[in-house]
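These notes concern the structure reproduced below.
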Amino acid sequence: MTQPKVLISDKMDPRAAAIFRERGIHVDEITGKTPDELAAIIGDYDGLAIRSSTKATPKLLEHATRLKVIGRAGIGVDNVDIPAATQRGIVVMNTPFGNSITTAEHAIALMFALARQLPEADASTQAGKWEKNRFMGVELTAKTLGLIGAGNIGSIVASRALGLRMKVIAFDPFLSPERAMELGIEKVELDALLARADFITLHTPLTDQTRGILSREALAKTKKGVRIINCARGGLIDEAALKDALDSGQVAGAALDVFETEPATASPLFGTPGFISTPHLGASTTEAQVNVAIQVAEQMSDFLLLGGVTNAINMPSLSAEEAPRLKPYMALAEKLGRLLGQVLGDQVRAVSIEVEGAAAQLNQKPITGAVLAGLMGTYSQTVNMVNAPVLAKERGLDVREVRHEREGDYHTLVRVTATTPEGKRSAAGTLFGNSAPRLVDIFGVAVEAELDGPMLYIVNNDAPGFIGKLGTTLGEAGINIATFNLGRRKAGGEAVALVAIDDPVTPHLVQQLCAIEGVREVVPLSF
Ligand SMILES: NC(=O)c1ccc[n+]([C@@H]2O[C@H](COP(=O)([O-])OP(=O)(O)OC[C@H]3O[C@@H](n4cnc5c(N)ncnc54)[C@H](O)[C@@H]3O)[C@@H](O)[C@H]2O)c1
Ligand SMILES: O=C(O)[C@H](O)COP(=O)(O)O
């Protein structure tokens with residue numbers, strides 16, 4: 001295995017680079033590059049470790065020809081084009097909990113800062129004004145805090161606010177009543193939250209549903225004198241409407257850590273009385289940065305070295321312990337998919353993947369991904385485990401997974417059945433010694449073949465003399481037979497030969513093989 005290379009392109013705690021090096025991964029820390037400069041170097045790397053500054057756009061990813069994984073040392077992945085990464089087979093992972101406490105604390109800090117106008121009071125005092133009568137604050141105790149989004153960060157904010165004796169209400173369509181009760185908060189609709197909250201804090205991702213959730217109309221529905229905090233994502237609030245609401249006094253104060261356009265070096269909000277801002281500092285504590293740096297480096301190393309997948313946005317998880325056990329199954333699954341793909345071409349409309357015996361104890365998703373990657377890999381150069389399920393969906397391929405706990409003739413078995421307009425064809429394989437993939441059944445004919453290197457799949461009438469003629473034709477073309485596996489439905493019926501050969505065959509030789517008496521089909525294979 002060649003040494004993987006990782007690029008850290010945003011400022012990150014040095015522990016990330018140290019972990020990559022300890023695990024034998026080459027790492028370069030190159031920060032502050034323009035998109036074009038980054039595009040010029042990204043082609044050298046297997047992994048890209050980022051925070052929120054690097055934008056992994058489709059344009060950048062076009063140059064990322066080696067890239068296998070993007071690791072986000074933090075939570076929000078809106079700076080990564082996930083569909084583009086997935087199309088290119090790049091796993092995108094984040095560290096969903098490493099900076100949650102820190103960010104929740106920042107929201108609470110901003111809530112205090114708004115309640116007591118701390119930044120203005122500080123600036124005035126340091127300017128020598130001593131304006132004691134100018135800064136009249138409000139208490140938090142007994143006030144109502146409205147959470148928009150009660151996930152990881154929102155729920156930590158709730159627990160801190162309850163400790164401050166606030167009443168907490170939340171709008172989150174995915175918050176269950178049980179979870180709300182467990183958190184000690186009241187689940188409400190958005191309009192009720194707007195009408196009741198003295199403070200509103202946002203903790204949702206930026207999605208099509210949440211963009212502009214505090215729109216001009218929503219701000220008009222708030223309780224007069226509300227104070228608003230946003231430590232989630234710019235774009236959740238209409239900034240122009242917020243400016244007007246601050247000017248009119250509808251909103252008494254607003255604290256933004258995040259902006260629609262970042263870096264936010266200019267904004268109509270700047271200088272507005274009651275407005276406070278920080279430059280996307282939510283996650284910026286020593287503790288959070290150490291957490292996310294360690295987590296992202298461990299996760300990316302596990303993926304690059306062992307195939308373990310943790311906290312991936314675009315792929316099911318696969319622990320570093322599970323990955324070595326699944327590896328031979330994935331190799332078997334990929335070979336079965338590849339075999340069917342080569343024999344059936346692009347005629348496959350549906351695939352059923354059955355696991356039986358020991359295989360049924362494992363996580364089936366990676367096995368399915370490998371089958372699809374093998375199947376579609378015969379007509380797509382860029383398909384892999386990551387993008388195969390998405391590409392299958394795009395092509396309208398109906399994919400089914402079936403699990404049989406019982407053992408059949410083999411202690412472990414993977415069977416792939418493909419449906420084409422002509423009917424169903426299936427291939428099954430097992431693992432010898434729990435590690436070596438072997439084909440044991442092809443289209444209902446029992447065989448025992450290693451699927452490796454160049455091979456020939458031949459269907460012929462079972463009749464004396466065929467093997468001799470086949471050997472002679474291959475021999476005259478200078479093709480050496482490595483192994484020969486033959487199976488038949490019944491004596492004198494249809495027979496299937498899987499022939500491992502030392503060199504690939506030419507189309508002309510395939511024609512010659514097809515011309516042998518009794519041969520019905522010849523398909524050159526490669527594994
Ligand atoms: N300022 C910073 O530096 C900083 C740091 C960390 C995280 N963040 C951001 O904070 C946000 C929240 O992070 P998290 O870890 O709590 O995420 P999370 O996924 O744990 O929680 C998000 C919550 O939003 C809810 N939600 C989704 N759609 C919604 C909708 N339409 N209306 C209301 N609620 C909705 C979800 O149900 C979920 O409970 C993310 O955008 C993240 O990027 C910012
Ligand atoms: O989503 C996140 O984790 C935060 O926005 C933190 O971003 P940062 O890593 O750029 O500070």
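Atoms within each ligand, like the ligands themselves, are counted from 1 in listed order.
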Any donor-acceptor pair under 3.5 Å linking the side chain of T210 with the backbone of P205? yes
With R395 via side chain to side chain donor-acceptor pair (under 3.5 Å) - residues at least two apart: none
Would you mind reporting whether R15 and V290 have side-chain heavy atoms less than 4.5 Å apart? yes
Side chain proximity check, T102 to N291, heavy atoms < 4.5 angstrom: no
The protein residues that pass the under-4.0 Å heavy-atom test against ligand 2 are R51, S52, R72, A73, G74, I75, G76, N99, R233, H280, A283
Between ligand 1 and the protein, find all N/O pairs closer than 3.5 Å and give the distance for each.
unit_1	atom_1	unit_2	atom_2	d
ligand 1	1 (N)	C231	O	2.9
ligand 1	1 (N)	D257	OD2	2.9
ligand 1	3 (O)	H280	NE2	3.4
ligand 1	3 (O)	G282	N	3.4
ligand 1	3 (O)	A283	N	3.2
ligand 1	16 (O)	N152	N	3.4
ligand 1	16 (O)	I153	N	2.9
ligand 1	20 (O)	N152	N	2.8
ligand 1	20 (O)	N152	ND2	3.2
ligand 1	37 (O)	D172	OD1	2.7
ligand 1	37 (O)	D172	OD2	3.2
ligand 1	39 (O)	G151	N	3.2
ligand 1	39 (O)	D172	OD2	2.6
ligand 1	41 (O)	T204	O	3.0
ligand 1	43 (O)	G76	N	3.4
ligand 1	43 (O)	R233	NH2	3.3

Electrostatic pair E401-K365, nearest N-O below 4.0 angstrom: yes
Can you give me every donor-acceptor pair (side chain of residues 192-201, partner residue at least two apart or in another chain, under 3.5 Å) with its distance?
unit_1	atom_1	unit_2	atom_2	d
R196	NH1	E186	OE2	3.0
R196	NH2	E186	OE1	3.1
D198	OD1	K223	NZ	2.9
D198	OD2	T144	N	2.7
T201	OG1	H203	NE2	2.7

Does T204 use its side chain to pair, donor to acceptor, with the backbone of G149 at less than 3.5 Å? no
Side chain of Q364, backbone of I353: donor and acceptor closer than 3.5 Å? yes
Are the charged groups of R66 and D46 less than 4.0 angstrom apart, N to O? yes
